[in-house]
Every structure is written in structure tokens, then in C-alpha cells.
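A short write-up of the structure that comes next.
Please read all numbers here as calculations on a predicted model, not as lab measurements. In listed order, ligands and their atoms are each counted from 1.
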Amino acid sequence: MKSLQDQDPKVFKLLEEETDRQNYNLELIASENFASRAVISAMGSVLTNKYAEGYPGKRYYGGCEVVDVVENVARDRAKDLFGADWVNVQPHSGATANAAVYLACMNPGDTLLGFDLSHGGHLTHGSPVNFSGITYDAKFYGVEKDTGRLDMNKIRDKAKQVKPKMISIGASAYPRDYDYEAFRDIADEVGALLWMDMAHTAGLIATGNLRDPLPLAHVVTTTTHKTLRGPRGGMILVGKDSENTLGVTARKSGRTKNWGEIFDSAVFPGTQGGPLMHVIAAKAVAFGEALEDDFKTYQTQTQKNAKAMANKFIDLGYNIVSNGTDNHLILIDLRNKDLNGKIAEEALGNAAITVNKNMVPFDTESPFVTSGIRIGSPAMTTRGLKEAEFEQIAILIDKVLQKPTDEENHKKVEQEVRDLCDKFPLYDFVTT
Ligand code: PLP
């Protein structure tokens with residue numbers, strides 16, 4: 001068989017270009033990371049050929065003896081990593097994991113109380129343009145204007161008012177940790193299910209760097225490619241103490257299955273067809289890496305780097321939402337600098353610094369413009385950068401943002417970015 005390079009030089013060249021881009025840009029998108037060569041190898045493997053609808057030991061296809069073991073390895077490692085009682089590693093993405101939770105826990109028209117997208121929440125938590133907001137009656141809680149943080153008393157009042165069937169926690173742009181106990185009290189008080197979407201923070205939770213939702217939320221979903229540093233994908237988990245509550249409250253009327261069976265059927269056949277076995281193998285590899293001691297060191301450094309950078313930005317006169325961070329991301333409100341997110345994202349892109357424009361709480365700009373940028377530390381921490389380099393990056397960002405239209409200035413900063421990237425090499429291969 002021909003190599004990719006021989007078979008399809010056009011695509012191979014694009015992969016070379018993208019590898020070069022990843023090697024020579026400062027990757028600061030909070031939802032991205034750099035998977036290891038081992039994870040990438042498992043993803044680019046012959047397991048992509050295998051159909052395996054169903055679950056280990058109960059498949060609709062023959063020839064599943066090897067992939068059954070692969071899926072069990074992934075499940076067992078995920079259970080160890082998070083102290084979970086049950087997991088499903090088949091969701092193709094964070095969004096499909098969330099779709100399965102809705103299918104299992106809600107009927108169309110039921111009320112969800114979710115974290116407002118414009119305050120940091122995610123599309124799949126009830127946005128009107130997403131299936132979640134179209135199918136269910138979504139109500140929202142948000143952060144306080146003066147603190148940028150959630151106020152649990154206000155969330156309690158809102159929950160009493162809207163009486164949700166399910167409350168979701170978790171966000172794409174909230175730099176603070178959550179009070180799961182207070183959320184669970186509220187859920188119990190109003191008879192709701194509690195769902196935590198830890199897509200962004202799963203790696204930090206796995207290592208105990210952030211509080212653990214599993215003992216308190218009825219169900220937890222995640223992506224596997226952000227702080228968890230695995231392949232692109234999703235997962236659903238249930239903690240050890242959730243069995244009784246889920247058995248009683250999550251079941252749709254007339255259902256007699258236990259919680260694990262309910263979520264399994266909500267993934268397949270409920271919302272997906274055949275699992276991506278090559279990705280599940282890569283999830284197994286990533287969970288194995290995350291169980292190693294140096295993953296804890298990595299997550300601790302990720303957090304330290306985000307904090308160091310947030311402090312530097314504050315010194316440089318930037319307005320950081322909630323005045324700091326507990327996790328891997330910071331959200332900068334650029335309004336005091338007379339800038340918006342769109343201009344900042346473009347200017348930084350010209351200097352090989354990749355961030356994304358982001359709404360800030362109580363934003364006055366549209367989602368296409370926004371007043372802020374979101375910056376994350378996971379990817380560059382994987383490359384080995386520490387606090388000093390993250391402070392240096394804050395200074396580089398400031399240099400660009402001081403003269404956002406000055407192309408000469410962009411070029412100078414880009415050279416500094418290249419010099420920094422050269423000190424922390426990343427990928428020395430295009431395909432594994
Ligand atoms: N949930 C949260 C909180 C997210 O931040 C994201 C992605 O950014 C998702 C779900 C969706 O994940 P995916 O892009 O894999 O569908």
C-alpha cells in the first residue's frame with residue numbers, strides 16, 4: 001500500500017502546513033491541546049475499519065473480539081481516573097455526549113436551567129440555535145456584574161422560580177471553580193437532576209486540581225481533547241453515589257432500566273450509530289497517560305501558568321473577568337482598551353498568536369465582534385512553557401494590542417514567537 005505522501009501529495013502537503021502552523025504559533029485557544037504521538041497513532045490506526053454497533057459482549061457485528069477489549073480498557077481506565085462507577089466512552093464529541101444526556105433525562109418541552117451562553121456557558125446548554133434550546137424549555141443563570149462569579153443564592157431563587165427538570169453546570173469560558181454542594185442542594189430542593197459538563201476542566205478534575213463533581217452530580221459529561229489531552233471525542237460518567245437518585249429520578253416514566261443502561265441506550269441506538277473504535281483506542285491511550293504521575297504535574301503547571309498570565313495582564317492594565325482564574329483559562333474584557341474581540345483576534349493572529357474572540361458577561365457587542373478574548377494555558381503548557389514564558393506571552397500580546405493595525409509590529413512579535421517556539425519543540429512528524 002502507498003504512503004499518504006505518495007497516494008495524496010496534496011493532502012500530505014496540507015498536513016505539513018498544519019504541522020508547521022502548530023509548531024510555530026502560540027496556541028492559546030483554551031479548548032485545544034496537543035495530543036501525544038501515541039494518541040495520534042492510535043487514532044490513525046486500522047481500527048477505523050471496524051463496525052462495532054453495540055457494547056462489549058453485545059455487538060451487532062462479528063469480529064469484535066479485539067475492539068471489545070479496547071473499549072473495556074478505555075472504560076476501566078476512565079473509571080479509575082475519575083473514580084466513576086459507570087462510563088460510556090462512545091460519544092463522538094462533547095455535543096453528542098450532551099445530546100444523550102438530554103435524551104435520557106428530559107422529555108421535549110421539559111425545563112432546563114443552564115449557564116447562560118453569553119456569560120460563559122455552552123451552546124448545548126439550551127442556546128436557541130442548538131437542539132437543546134429548540135427541543136427543551138431553556139432558562140438561564142449567569143454571573144454577577146460586579147464579581148464575574150456565580151451567586152448561588154440567585155441560582156437557588158431562579159431554580160425555585162422555573163422548577164427545572166435538570167440543572168446544568170459547566171461552561172466554555174468561566175474561569176472559576178463550582179460549588180457542587182450548593183448546586184446539589186438546589187437540585188434536591190426543586191427535585192431536579194444535576195448534570196455537570198466538565199468538557200473544559202476534566203484534566204484538572206482528574207488530578208484533583210479542581211473540585212470533583214462526580215460524587216454530587218447525577219451525571220457528568222466531558223470532551224476528551226481539551227485539558228484531558230486525548231483524541232477529539234466525548235464521554236459520559238456517573239459517580240459512585242448517584243445510583244439511587246438516578247434510578248429514581250432520571251428514568252422516563254415506564255422505564256425499568258438502571259442508570260447505566262439508560263445512558264448506554266441514549267448513546268446507541270439513541271443518538272449515534274457505530275462507535276469510532278480508533279478514537280476509543282486513542283481515548284484508552286490518553287486515559288493511560290492521564291493516570292501517570294506526570295499528568296498531575298502537567299495540570300498543576302497549567303493552572304500556575306494561567307494564574308501567572310492573568311496577574312501579568314492585570315499589571316498591564318487589562319480587565320480580567322472575575323479578576324483572575326482558578327482553572328486553565330482567562331477571559332479579558334477589552335473595552336477599557338478601546339478594542340473588541342474581533343480586532344484583537346485578527347491582530348494577534350497576524351503575529352502567530354492564536355486566541356479566540358469571546359463574549360464577556362453583559363457584552364454590548366454581537367457574538368461576531370465581542371468585547372473580549374479567551375486565553376487558555378493547556379496547549380502551551382504541554383509544550384513545556386512555565387510561568388516566566390507565560391508572562392512573556394502576556395507582554396507579547398500587549399505589544400500587539402497596543403498597535404493592532406501596525407503590520408511591522410506584528411512581524412517583530414512574530415519573530416519573537418518563532419524564537420520562543422524553537423525553544424520548545426513540538427511535533428517532528430507529519431503522520432505517525
Ligand atoms: N461542552 C462544553 C462546556 C464545551 O466547551 C464544548 C466545546 O467547546 C462542548 C461541550 C462540545 O464539545 P464538542 O466540540 O466536542 O462537541
Side-chain angles (χ1 to χ4, degrees), residues 27-33 35 39 43 88-103 105 112-127 129-133 136 138 140-143 150 166-178 180 183 194-206 210 213 217 219-237 266-267 271-272 275-276 279-280 282-283 286 306 325-331 354-359 367 370 372-379:
E27 183 50 74
L28 298 171
I29 292 184
S31 48
E32 293 188 12
N33 211 329
V39 166
M43 257 187 293
N88 187 308
V89 294
Q90 291 194 2
H92 301 332
S93 71
T96 64
N98 294 351
V101 165
Y102 283 104
L103 186 68
C105 300
L112 170 84
L113 179 59
F115 199 148
D116 193 333
L117 176 65
S118 66
H119 286 204
H122 189 257
L123 278 173
T124 55
H125 298 194
S127 160
V129 296
N130 182 262
F131 79 91
S132 55
Y136 307 99
F140 300 100
Y141 60 85
V143 299
L150 298 175
M166 184 160 75
I167 299 175
S168 69
I169 325 174
S172 302
Y174 184 56
R176 297 297 177 180
D177 205 356
Y178 299 96
Y180 297 113
F183 266 112
L194 186 62
W195 158 39
M196 167 63 179
D197 177 352
M198 60 173 184
H200 261 262
T201 48
L204 292 154
I205 288 169
L210 289 177
V219 59
V220 175
T221 54
T222 185
T223 56
T224 49
H225 48 274
K226 299 181 178 154
T227 48
L228 211 42
R229 209 164 59 183
R232 200 151 281 278
M235 175 161 66
I236 309 177
L237 308 99
V267 174
T271 47
Q272 290 190 173
L276 311 176
V279 177
I280 291 176
K283 287 175 183 170
T325 177
D326 295 330
N327 54 31
H328 62 298
L329 69 84
I330 58 185
L331 193 56
T354 315
V355 304
N356 64 283
K357 60 177 178 289
N358 214 99
M359 300 283 277
T370 80
I373 49 172
R374 184 185 68 161
I375 299 186
S377 58

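Residue Ser172 places at least one N or O, backbone or side chain, under 3.5 Å from an N or O of ligand 1.
Using a 4.5 Å heavy-atom cutoff, the side chains of Tyr178 and Met196 are in contact.
The two atoms that bring Thr227 and His200 nearest to each other are OG1-O, 2.7 Å, heavy atoms only. Residue Ser118 comes nearest to Met359 through the heavy atom pair O-CB, 4.1 Å, listed as atom of the first residue, atom of the second, then distance. Minimum interatomic distance between Asn33 and Lys226 (heavy atoms only, all atoms of both residues): ND2-O, 3.0 Å. The two residues Leu117 and Leu123 come nearest to each other via the heavy atoms CD1-N, 3.6 Å. When every heavy atom of Gly234 is checked against every heavy atom of Lys283, the shortest pair comes out as O-NZ, 2.8 Å.
Taking the six-membered ring for Trp and thresholds of 30 and 60 degrees, Phe115 and Tyr141 have ring planes inclined between 30 and 60 degrees apart. Using bins of under 30°, 30° to 60° and over 60° for the plane-to-plane angle, the ring pair His125/His122 lands in the perpendicular bin.
Nearest protein heavy-atom contact of atom 1 (N) of ligand 1 is Asp197 OD2, 2.6 Å. Closest protein heavy atom to atom 15 (O) of ligand 1: Gly94 N, 2.9 Å.
Within 4.0 Å of atom 13 (P) of ligand 1, at least one protein heavy atom is present.
Residue contact check: His200 has heavy atoms under 4.0 Å from atoms 5 (O) of ligand 1. Of all atoms in ligand 1, listed by their number and element, those nearer than 4.0 Å to a heavy atom of Ala95 are 11 (C), 12 (O), 13 (P), 16 (O). Near Ala171, meaning under 4.0 Å from any of its heavy atoms, are these atoms of ligand 1: 3 (C). The atoms of ligand 1 that sit less than 4.0 Å from any heavy atom of Ala199 are 1 (N), 2 (C), 3 (C), 4 (C). Heavy-atom proximity to Thr223, at under 4.0 Å, picks out these atoms of ligand 1: 12 (O), 15 (O). Of all atoms in ligand 1, numbered sequentially from 1 with element shown, those under 4.0 Å from a heavy atom of His225 are 15 (O).
The proximity of Asn98 to ligand 1, defined as any non-hydrogen pair under 4.0 Å, is limited to the side chain.
The closest approach between a heavy atom of Lys226 and any atom of ligand 1 is below 4.0 Å. Using a 4.0 Å heavy-atom cutoff, Met198 is absent from the residues neighbouring ligand 1.
To the nearest 0.5 angstrom, Arg232 atom CZ is 6.5 Å from Glu32 atom CD.
The heavy atom nearest to atom 9 (C) of ligand 1, out of those in His122, Arg232, His92, is found in His122.
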